[in-house]
Number of protein chains: 2
Amino acid sequence: MNIICDKSKLLEGINISLKAIPGKSTMAILECMVIEAKDGMIKLISNDLEIGIETIIEGDIKEPGSVAVNAKVFFEIIRKLPYNEVSISVNENLTMNISCGKAKFNIPVKDTEEFPYLPKIVKDKSVLISQFTLKEVIRQTVFSISDNENTKVMTGELFEIRGSQLKVVSLDGHRISIRKVDLKQNYDDVSVIIPGKTLIEISKILNGGLDDEICMYFTDKHVLFEFDNTIVLSRLIEGEYYKIDKMLSSDYETKITVNKKDLFDSIDRTTLMIRESEKKPVIIDVKDTSMSLAINSGIGSMSEDIDISKEGKDILIGFNPKFLMDALKVIDEEEITMYMINPKAPCFIRNMEETYVYLILPVNFN
Amino acid sequence: MNIICDKSKLLEGINISLKAIPGKSTMAILECMVIEAKDGMIKLISNDLEIGIETIIEGDIKEPGSVAVNAKVFFEIIRKLPYNEVSISVNENLTMNISCGKAKFNIPVKDTEEFPYLPKIVKDKSVLISQFTLKEVIRQTVFSISDNENTKVMTGELFEIRGSQLKVVSLDGHRISIRKVDLKQNYDDVSVIIPGKTLIEISKILNGGLDDEICMYFTDKHVLFEFDNTIVLSRLIEGEYYKIDKMLSSDYETKITVNKKDLFDSIDRTTLMIRESEKKPVIIDVKDTSMSLAINSGIGSMSEDIDISKEGKDILIGFNPKFLMDALKVIDEEEITMYMINPKAPCFIRNMEETYVYLILPVNFN
């Protein structure tokens with residue numbers, strides 16, 4: 001193999017490819033990315049067996065071939081090269097020579113025999129969505145997946161398509177996050193659970209342009225994301241997702257509307273009173289036109305009043321402050337509305353159109 | 001005690017005061033800062049028994065008094081207050097009330113009986129220096145102090161004043177850093193060892209203005225830094241400093257002049273070939289008008305040629321790349337000159353005027 005390419009283009013490709021390189025693996029080949037130069041195309045390929053990525057980079061192929069190189073070593077070297085033009089060649093002893101200006105590196109590489117190439121996927125059911133929208137719905141829901149591998153289904157997000165609507169759901173046993181977005185056309189029904197890790201990596205790679213689109217293909221076992229010069233293939237999580245519709249309710253006894261930033265900042269201040277070992281709730285006392293937040297801990301106590309507008313009953317209710325803050329952080333509206341029934345029933349933060357619904361379970365206190 | 005002050009001014013003062021708060025201490029009182037409101041002045045005082053700091057902040061004293069408050073908790077609360085005007089009061093039960101807009105915090109505080117106030121220092125021998133200059137000489141030398149507490153003297157820096165010249169020296173057994181700066185007037189002789197930790201904290205506090213001055217007072221056991229609204233008092237390290245003059249030499253067999261950035265970047269690239277567990281030297285081969293850097297390790301090999309101008313013999317010599325980079329990083333000149341005798345003798349990087357001298361021991365290789 002012998003190729004010449006631009007340091008900057010190569011780095012862009014490596015940065016994408018690194019997202020499917022495991023931190024540490026018992027299989028050394030997984031810590032490698034494959035550089036494949038054939039049919040006039042240079043591809044970087046990586047695969048941690050959960051997520052696989054192929055990305056095409058620009059460059060001149062002087063001699064085709066393919067080789068597996070330790071991804072992190074390769075990245076560090078390319079990153080620190082002095083000039084833009086890089087020449088990369090591999091000899092018959094599996095030594096890669098990287099040359100740039102007067103700097104020359106020699107590193108051992110592997111052949112690609114053992115490398116787990118991405119399986120071929122039948123591109124059948126496809127859905128088109130803007131990169132911006134996909135990136136946004138991931139950000140607005142992914143914080144409430146669970147990291148408990150014993151409840152595998154909770155480590156992923158439900159992607160459900162009905163007609164022209166995509167609904168994305170995550171939950172961790174204490175809260176549920178739901179976002180709905182409109183697609184540009186109607187599609188066949190889809191209902192899959194995509195691993196949270198895949199979504200996090202995808203949203204790091206996406207440039208997030210409003211006009212840039214991404215195409216998702218679904219099969220029984222896989223989801224394939226296709227965009228720009230890159231494809232990302234991920235396994236789906238098997239199993240059935242929770243029936244969340246039963247957990248949702250539009251009944252309420254108390255409805256309050258409050259400035260989001262005021263509420264967020266005030267809850268943030270209550271968290272100053274929480275030591276990591278303590279699980280202290282913030283207690284919200286809704287009375288007439290004001291809500292008072294209070295917290296009491298080994299460090300001290302804190303209280304603050306916030307103006308609200310209210311319909312319905314007064315209520316005294318406790319929350320894990322982190323759960324409230326996580327939801328508030330991803331809502332873009334200046335004002336939010338909270339719906340509560342009683343101190344033991346879920347609280348809902350949602351807008352009129354229900355394009356977002358955040359359910360948060362209260363906690364006991366006394 | 002009852003005071004009213006500006007959040008921003010208070011935060012500035014706390015940030016300075018925190019530099020003498022230990023990360024973790026067996027004495028809870030050391031994790032506190034004292035707020036002292038008396039004689040129309042509000043002072044923050046902290047002392048980790050190595051370094052003590054007093055800083056004056058603006059504010060209104062409604063009722064004088066003094067109290068010790070956990071520094072980190074106090075800092076976090078003040079930092080997150082919603083508005084600028086802060087009211088701080090302490091009641092007879094040693095509860096501090098911090099109030100700002102509608103946010104109210106109550107935290108327990110201590111009385112100041114156990115607090116180790118700073119000893120009074122006789123302000124006798126004083127030296128005036130610009131904050132910029134002091135900050136610079138610290139940065140340019142402090143990287144080569146040792147962190148080995150068994151050779152206590154090496155954990156500090158020699159500050160030596162002769163006439164109108166200040167010489168600052170640090171060494172760690174592998175290298176020596178020397179910087180000389182001119183003072184604006186003549187002073188009596190001073191020769192003290194200031195703890196590296198003190199210098200690091202001082203340089204974090206100094207704003208570094210060219211026209212802002214700092215006054216240093218020396219006693220047998222202490223150095224006192226006085227500037228702006230702050231004093232920093234530090235113990236000195238006892239004992240005698242190394243006789244470094246015997247280690248310096250102006251003889252050389254090889255003198256090379258090289259572009260600093262080219263050399264730095266190239267050494268930086270060689271370090272890509274070093275695993276943390278390996279201690280691989282970079283080998284420098286000086287021949288005629290070029291030097292070639294090479295390194296060989298378990299990761300691979302790297303080589304690069306750099307243009308130089310040379311006087312004297314060719315030489316093949318090995319270095320710990322970090323030691324070379326540390327010195328190059330703090331030299332501002334575009335070109336540097338290296339003086340070498342043989343592969344076993346120290347290498348010197350110095351300018352003509354010897355306002356800086358960096359001695360680096362080579363390492364064996366074969």
Side-chain angles (χ1 to χ4, degrees), chain A residues 7 31 69-70 72-83 90 93-109 259 261-275 290-308 325, chain B residues 31 69-70 72-83 90 93-109 259 261-275 290-308 321 325:
Chain A
K7 175 186 164 177
E31 294 177 22
V69 58
N70 182 288
K72 273 166 201 149
V73 171
F74 187 61
F75 168 65
E76 291 295 341
I77 291 174
I78 301 301
R79 199 163 64 101
K80 293 224 166 153
L81 291 178
Y83 306 105
V90 178
N93 302 321
L94 287 172
T95 298
M96 176 182 281
N97 179 275
I98 302 166
S99 208
C100 182
K102 287 178 174 176
K104 290 182 203 326
F105 291 83
N106 284 300
I107 51 173
V109 289
N259 179 285
K261 188 176 181 311
D262 288 350
L263 180 57
F264 182 90
D265 288 349
S266 178
I267 300 170
D268 192 20
R269 281 189 280 275
T270 69
T271 63
L272 297 174
M273 296 290 109
I274 306 178
R275 285 206 191 89
S290 127
M291 75 198 266
S292 102
L293 280 72
I295 196 160
N296 219 315
S297 79
I299 297 179
S301 65
M302 185 270 176
S303 69
E304 187 163 353
D305 291 342
I306 303 175
D307 295 334
I308 58 170
M325 287 170 74
Chain B
E31 294 177 21
V69 58
N70 182 289
K72 273 167 202 150
V73 171
F74 187 61
F75 168 65
E76 291 295 341
I77 291 174
I78 301 301
R79 199 161 64 101
K80 294 224 165 152
L81 291 178
Y83 304 106
V90 177
N93 302 322
L94 287 172
T95 297
M96 177 183 280
N97 179 275
I98 302 167
S99 216
C100 183
K102 287 178 175 176
K104 292 185 202 322
F105 291 85
N106 285 300
I107 51 173
V109 290
N259 179 284
K261 187 174 181 314
D262 288 350
L263 180 57
F264 182 90
D265 289 349
S266 178
I267 300 171
D268 192 20
R269 281 188 281 274
T270 69
T271 62
L272 297 175
M273 295 290 107
I274 306 178
R275 285 207 191 88
S290 129
M291 74 198 267
S292 101
L293 279 73
I295 196 160
N296 220 314
S297 78
I299 298 178
S301 65
M302 186 269 176
S303 69
E304 185 163 355
D305 291 341
I306 302 175
D307 295 334
I308 58 170
M325 287 170 73

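Here is how names work: the chains are called A, B, and so on, in the same order as the sequence lines, proteins then strands, and each is numbered from 1. The shown structure was predicted, so the numbers you read here are calculated from the model rather than taken from an experiment.
- Atom CD1 in Ile295(B) sits 10.0 Å away from atom CZ in Phe105(A) (nearest 0.5 Å).
- Residue Ile77(B) touches chain A through both its backbone and its side chain, counting heavy-atom pairs closer than 4.5 Å.
- Judged as a salt bridge (charged side-chain N to carboxylate O under 4.0 Å, His left out), and not counting sequence neighbours, the contacts of Asp265(B) are Lys261(B).
- By number of non-hydrogen pairs under 4.5 angstrom with chain A, the leading residue of Thr270(B), Asn97(B), Leu293(B), Ile107(B) is Ile107(B).
- Using non-hydrogen atoms only and a strict 4.5 Å limit, the part of residues 297-306 of chain B facing chain A consists of Ile299(B), Gly300(B), Ser301(B), Met302(B), Ser303(B), Glu304(B), Asp305(B).
- Highest contact tally toward chain B, considering only Arg79(A), Arg269(A), Lys80(A), is held by Arg269(A) [criterion: heavy-atom pairs under 4.5 Å].
- Residue with the most contacts toward chain B among Asp262(A), Asp268(A), Val73(A): Asp268(A) (heavy-atom pairs, distance under 4.5 Å).
- For Met96(A), no part lies under 4.5 angstrom from a heavy atom of chain B.
- Using a 4.5 Å heavy-atom cutoff, the side chains of Ser266(B) and Lys102(A) are not in contact.
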